[in-house]
Amino acid sequence: PSSVALSPDGESVYVAGSGSSAVAAFARDRATGRLTQRNCVSANATSGVDGTKGACADGNALSGATDVVVSPDGRFVYAASFDAGGIAIFERSETTGALRQVGCVRPVRTCTSARALGGASAISLSPDGENAYVAAYDSNAVVMFERDVTTGLLTQLGTQLVGLGIARS
């Protein structure tokens, strides 16, 4: 595991696993804090090398999943993936907290295209949920996105290249 996020309602926990290239969803008992796994989505589900013996659904843009965040409204979950150089986008079930991938962002044709996401290592959402910011280690950049609050999908706005502490657009 490389990152953990709690849903705003406190009923779900999401874990990004860089080694398994997966995001796992857990139901959280509010009284005891105990977790029960609901589902998982993995870049390696079909091949079985994710260590789950086929228990995960197939996913895209999850290789080396390093960070996970839940939208302020609790409807969507986002994972930054270092090895994939991208972001996986999931819809969150309001009743169970389980995840269903609805999109991804990375420079390949199976996803919405974006620039400068090499080594995506961290993701954060603005408090109003209208923007996402991704730190991209290999690209030496912070990548900015507009977030559609209805669909959860992301559209790239720009990139701040960061070199030796000096920011330039």
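Numbering starts at 1 and runs along the sequence shown.
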Taking every heavy atom of Ala61 against every heavy atom of Arg106, the minimum-distance pair comes out as CB-CD, 3.6 Å

One should read off an interatomic distance between Ser126 OG and Met144 CE, to the nearest 0.5 angstrom, of 12.5 Å

> Are any side-chain N or O atoms of Ser71 and backbone N or O atoms of Phe76, one a donor and one an acceptor, separated by less than 3.5 Å?
Replying inline: yes

**Asked** Is Arg38 reaching over with its side chain to a backbone N or O of Ala24, donor-acceptor style, under 3.5 angstrom?
**Response** no

Taking Gly10's backbone N and O only, do any of them form a donor-acceptor pair with Arg28's side chain (distance below 3.5 Å, no angle check)? yes

Is the number of heavy atoms from other residues, nucleotides or ligands under 6.0 Å of Gln37 CD greater than 12? yes

Less than 4.5 Å apart, any side-chain heavy atom of Tyr137 and any of Phe82?
-> yes

- Query: Can you find a pair of side-chain heavy atoms, one from Gln101 and one from Asn60, that are under 4.5 Å apart?
  - Reply: yes

Looking only at heavy atoms, the pair that brings Pro72 and Arg147 closest together is CD-NH2, 4.4 Å

On a heavy-atom basis, the closest approach of Ser81 and Ala65 is OG-CA, 3.7 Å

Identify whether Leu153 and Val69 are in the same connected component of the hydrophobic contact network (ILVMFWY, side-chain heavy atoms under 4.5 Å).
-> yes

**Request:** Treating Ile, Leu, Val, Met, Phe, Trp and Tyr as nodes and any side-chain heavy-atom pair under 4.5 angstrom as an edge, say whether Val70 and Ile123 lie in one connected cluster.
**Result:** no

In this structure, CG of Leu62 is separated from SG of Cys56 (nearest 0.5 Å) by 9.5 Å

Test of understanding: clusters of I, L, V, M, F, W, Y form through side-chain heavy atoms closer than 4.5 Å, transitively. Do Ile87 and Val102 belong to the same one? yes

* Asked: Between the main-chain N or O of Ser12 and the side-chain N or O of Ser7, is there a donor-acceptor pair closer than 3.5 Å?
  -> yes

### Single-linkage hydrophobic cluster, 4.5 Å side-chain cutoff, Val68 and Val41 together
yes

Note: Gly152 and Ile89 closest approach over all heavy atoms is O-CG2, 3.5 Å

In this structure, OG1 of Thr112 is separated from CG of Leu154 (nearest 0.5 Å) by 8.0 Å

One should read off an interatomic distance between Asp138 CG and Ser121 OG, to the nearest 0.5 angstrom, of 8.5 Å

Q: Output yes when Asp9 and Arg92 qualify as a salt bridge under the 4.0 Å nitrogen-oxygen rule, no when they do not.
A: yes

Show the numbers, then the answer: is there a side-chain contact (heavy atoms from CB on, under 4.5 Å) between Val143 and Leu157? CA-CA 8 Å; Val143 185; Leu157 291 174; over 6 Å; no

| message | Please say yes or no: joined through hydrophobic side-chain contacts below 4.5 Å, possibly via intermediate residues, are Val77 and Leu125 part of one cluster? | response | no

Closest non-hydrogen contact found for Ala43 with Ser63 is CB-N, 3.8 Å

One should read off an interatomic distance between Leu117 CG and Ser139 OG, to the nearest 0.5 angstrom, of 6.5 Å

Correct closest heavy-atom pair for Leu99 and Asn39 would be O-ND2, 2.7 Å

For the side chain of Ser42 and the backbone of Asp58, is there at least one donor-acceptor N/O pair under 3.5 Å apart? no

Value for OH (Tyr133) from CZ (Phe145), rounded to nearest 0.5 Å, stands at 11.5 Å

Review point. Should Val4 and Tyr14 count as side-chain neighbours, where that means a heavy-atom distance under 4.5 Å?
Key: no

- Does the Ser18 side chain pair with the main chain of Thr66, one donor and one acceptor, at a distance under 3.5 Å? no

Worksheet item: Going by an N to O cut-off under 4.0 Å, is there a salt bridge joining Glu91 and Arg100?
Response: yes

